[in-house]
Undergrad: 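I have a structure here, written as structure tokens, and I will follow up with some questions on it.
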Amino acid sequence: MSIPIITFDGPSGSGKGTIAIMLAKKLNYLYLDSGALYRSVALKIYNEYGDVENKGLDYEKIIESMNIEFRYDSKNDIKIFIDKKECTKQIRDENIASLASKIAKIIRVRESIEKFQKNYVNPPGLVADGRDLGSIVFKNAQIKFFLTASIEKRAERRLKQLKDSGISANLPDLKNKLLERDEMDMNRSISPLVKPTDAIEIDTTKLNIIEVFEKVSMEVNNKLNK
Ligand code: C5P
């Protein structure tokens, strides 16, 4: 039997990461934050080469020789390690997110990250979130969700997340940065952010986390127990 995969796609701040982690913990599945992969690659290239969009860079080699790990700490929170060094806070910076969107347009980068994502699939199952998981990377996923929310709500949520992790930001600036990223992610020629045709769409603007999780859990129970 194939390993079950559940995907969550959507723009930044739609709630997909929070809900995907909750679901992975409930089902005891592995969790893959694909945005963290793009952010980690952007951080490494920025730190080592400065310019992330340089045709001379051997992206495949850089990504294949990188060691990216997701480790759970004592509070069961996920920490990201790049080449054995913790980078959880650095990759959350909105400037790194913008660089991630820039490298996310490069086909060689996407192909190398796609390999990493596919190798991550292991029993008993995987919950993964990103932009192109249900549409491209895991086309055959058993269950696909597409989460959306208004730009105001998404910026508010992102501001809270950043503040909670000790990163300073302001709402108007953050809103502009999210809109810029939406624009890049939705209009790029390869793997743009789109709703997979067979995905369940949830607008989370007026819902709290518990309400979204209830809706998601109901769909998952129905589909996995069929
Ligand atoms: O989800 P997160 O905000 O961490 O993603 C950072 C950026 O990485 C996105 O804005 C997008 O450009 C890129 N990304 C992507 N495909 C994915 C996940 C993230 O292009 N599957």
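We count ligands from 1, going down the list as the structure has it; atoms in each ligand are counted the same way. Just so it is clear, the values below take in all heavy atoms, side chains as well, and ignore hydrogens, waters and symmetry mates. Start at 1 with the first residue, then count along the sequence. Just so it is clear, the model here is predicted, and its values are computed rather than measured.
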Undergrad: Might you point out which heavy atoms bring Leu147 and Gly15 nearest each other, and give the distance in Å?
TA: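 So the minimum-distance heavy-atom pair works out to CD2-C, 3.8 Å.
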
Undergrad: Minimum heavy-atom separation for Ile45 and Val52, please, with both atom names.
TA: CG2-CA, 3.9 Å

Undergrad: Tell me the ring-ring contact (aromatic ring centres under 6.0 Å, His included) pairs involving residues 135-185, sequence neighbours left out?
TA: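 For residues 135-185, and leaving out neighbouring residues, the ring-ring contact (aromatic ring centres under 6.0 Å, His included) pairs sorted by first residue read Phe8-Phe145.
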
Undergrad: State, yes or no, whether a side-chain contact exists between Ile80 and Phe70 at a heavy-atom distance under 4.5 Å.
TA: yes

Undergrad: Looking only at non-hydrogen atoms, find the nearest pair between Gly130 and Ser34 and report the distance.
TA: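 For Gly130 versus Ser34, the nearest heavy atoms are CA-OG, 3.2 Å.
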
Undergrad: For the residue pair Thr204 and Ser14, what are the closest heavy atoms and their distance?
TA: OG1-O, 2.9 Å

Undergrad: For a quick check: using heavy atoms under 4.0 Å, what are the residues in contact with ligand 1, sorted by chain and number?
TA: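 Lining ligand 1 at under 4.0 Å, by heavy atoms, one finds Ser12, Lys16, Ser34, Gly35, Tyr38, Arg39, Ala100, Ser101, Ala104, Arg110, Gly130, Arg131, Asp132, Arg158, Arg181, Asp185, Arg188.
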
